[in-house]
Asker: 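Got a structure here, written out as structure tokens. Questions coming.
Note on naming: letters A, B, ... go to the chains in the order of the sequence lines (proteins, then strands), and numbering restarts at 1 for each one. None of these values were measured; they are calculated from a predicted model.
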Number of protein chains: 2
Amino acid sequence: MPAPPPPDDDARRHPRSRSRARTGAGGDRSGRSTAGRGPEPPRHEAIAAALRRAITEGRYPVGATLPSEAELAAAHGASRGTVRQAVAALLAEGLVGSRQGARRVVLSTTPSQSFTELRSFAQWARAGGRTAGGLVLSSSRGTARAEEAGLLQVPPGAPVLHVLRLRTLDGDPVLLERTVYAEWIAPAVEALPDDCESVTERLRRDEGLVFAHGEHHIDAVAAGTADADHLRVRRGSPLLRVRRTTTTAEGRPVETSDDRYRPGSVVFTVRNSTQTNPLTRTHA
Amino acid sequence: MPAPPPPDDDARRHPRSRSRARTGAGGDRSGRSTAGRGPEPPRHEAIAAALRRAITEGRYPVGATLPSEAELAAAHGASRGTVRQAVAALLAEGLVGSRQGARRVVLSTTPSQSFTELRSFAQWARAGGRTAGGLVLSSSRGTARAEEAGLLQVPPGAPVLHVLRLRTLDGDPVLLERTVYAEWIAPAVEALPDDCESVTERLRRDEGLVFAHGEHHIDAVAAGTADADHLRVRRGSPLLRVRRTTTTAEGRPVETSDDRYRPGSVVFTVRNSTQTNPLTRTHA
DNA sequence: GAGTGGTCTAGACCACTTT
DNA sequence: AAGTGGTCTAGACCACTCG
């Protein structure tokens, strides 16, 4: 049985500045001060971005194998741990698959959207080369019904803001939003113009409010009278419903919404695997 | 400028066997042979499971803060890296949120299902305390249509197996599956009994076939004649449609399916955040 | 200013796949 | 047997949050 190791001197054990010729080198972000530039993104993000680009641009088609971790580490001048952190992102996005002992394989070449893109209807539309429109049909202070209160984590009957909003894509109505905002954000929402194109972007700019987490419940419902009217479909025809609740990074709920999409206009896609599975199927 | 460090002797630098009194200790899984037991799960998984349990059992309600990484590391006798790996899993599941500098916050207490649970209707039903039934309505060899061929990554017109299957929950029809299997797995599928409860489990047991990745496209459609007939709804009434393609760990497509759920019976849920976003919204 | 999470390194052993 | 990903450690510096 070997004796426990002596606490050998730690000085000069992890020599930061070596001849790497990088600015914001890993672990040693103090080298940042060399140039007066803004903060650089983390190394692992840069590596992930490079890989993502290579995949979406077709350098690694579906079925191709990625370079080994050792190769990537050498190519980017990073440690294996950092490379693994980068690859983990692609793994979570479902772009690549991984099995112990074998090289990683490209599963898909279509990247998933950023969370912001998902949340912001306008931003999403823009990314697809379309123009989004928005129109507030009604906006009223009220009290939270039991279900809404639960989702917003406020007591039942607490004051909230109800907003009914119609969203259009290239002029066509595609989405009817019934949103409930928590009281603390209500004034900021009411201050927005009725035809505000992107609520998300305005709240971020004006209030510094960042949406960080979301939960989406997806099912199908028949169009009610109001739905049919605004979305220009027949009453009773199928609509894709997404009930979502968004919270800040601290977990504070901001809004909860019942969104109804006209069929044929939008599809939701989830990629998952044995490693990461964000999708859940529940009883209604 | 400090000189590069001498490549100081690595002997006895990372002394594996210390007085930790653990069997499958981290990094040193050779200690496994002490007992003839089966393989233990990785440390980080065990830690993640413990945290998940604590959350779902209510020890950490929504809004509560988790112990710090240092505390968790000490409590589980693991390194910080391993703890971070564990917490990353909860992060990806959307159970907890994280901001630099602040303690992690519980966002939700309902765990997401395993990938297998999601894929297997029977397994999912069982987990919810219900009984699943299955019935093959038709099964026929045929050729892949252009769209199917693309999804299965085979040339158009390649031989495939089409199966129409009705799934019931406690006797009620809730799901109509139109599945296309790649040819190489077709014989195994045809060998299954018509009322096979869980195709997934049988294929895993009999063929050693593991589904590893999946892509789900979710939208709403009106019930067609066949849909209405089998699901016992009116023609034209809303159905939740999930088109999915599943592949093996190597990325080889196994099956693609058009699943239609009777409304009110099932809801799909996705949790996401700025860090990990598996959900995508696309134009139809 | 102490605490906490985010990032990074360097090295090690293992299980598994591939040649 | 060589290669590759999976797991783990121990230590370090940083940016950020909070009292």
Asker: Honestly, is B/Arg252 close enough over B/Trp184, meaning NZ or CZ under 6.0 Å from the six-membered ring centre and within 45° of the axis?
Answerer: yes
Asker: Reckon A/Arg80 touches a base, only the sugar-phosphate, or nothing at all at heavy-atom distances under 4.0 Å?
Answerer: base
Asker: With rounding to the nearest 0.5 angstrom, report the CG to CG distance, A/Leu95 to A/Leu90.
Answerer: 6.0 Å
Asker: Between atom CD in A/Glu69 and atom C1' in C/dA10, what is the gap in whole Å?
Answerer: 15 Å
Asker: Of the listed nucleotides (C/dT17, C/dT7, D/dC18), which one gets closest to any side-chain atom of A/Ala102?
Answerer: C/dT17
Asker: Cationic tip of A/Arg119 within the cone over A/Phe211's six-membered ring, i.e. under 6.0 Å and within 45° of the normal?
Answerer: yes
Asker: What nucleotide, of C/dG5, D/dC18, D/dC8, holds the atom closest to the side chain of B/Ser98?
Answerer: C/dG5
Asker: Please give, in whole Å, the distance from C/dA10 P to A/Arg43 CZ?
Answerer: 11 Å
Asker: With a cut-off of less than 4.0 Å, is there a side-chain N or O of A/Thr82 near OP1 or OP2 of C/dT9?
Answerer: yes
Asker: Between B/Arg43 and B/Gly77 (side chain of the first, backbone of the second, donor and acceptor by atom type, cut-off under 3.5 Å), is there such a pair?
Answerer: yes
Asker: Distance check needed: D/dG5 C1' versus B/His44 NE2, whole Å only.
Answerer: 12 Å
Asker: Would you kindly compare A/Arg103 and A/Arg84 by the position of their nearest DNA chain D nucleotide and give the one closer to the 5′ end?
Answerer: A/Arg103
Asker: Would you kindly compare B/Leu66 and B/Glu250 by the position of their nearest DNA chain C nucleotide and give the one closer to the 5′ end?
Answerer: B/Leu66
Asker: Can you identify which nucleotide, out of D/dC8, D/dC18, C/dT7, has its nearest atom closest to the A/Gln85 side chain?
Answerer: C/dT7
Asker: Which heavy atom of B/Gln123 sits nearest to which heavy atom of B/Glu117, and what is that distance?
Answerer: NE2-N, 4.2 Å
Asker: Could you work out which one of D/dT17, C/dG5, C/dC8 sits closest to the side chain of B/Gln100?
Answerer: C/dG5
Asker: Pick the closest DNA chain C nucleotide for A/Gly101 and for B/Pro67 by heavy atoms, then say which residue is nearer the 5' end.
Answerer: B/Pro67
Asker: Please report, rounded to the nearest Å, how far the C1' atom of D/dG5 is from the CG atom of A/Leu72.
Answerer: 12 Å
Asker: Whole angstrom is fine here: how far is it from CD in B/Glu71 over to C1' in C/dG5?
Answerer: 13 Å
Asker: Tell me which nucleotide among D/dC8, D/dG6, D/dA15 gets nearest to the side chain of A/Arg104.
Answerer: D/dG6
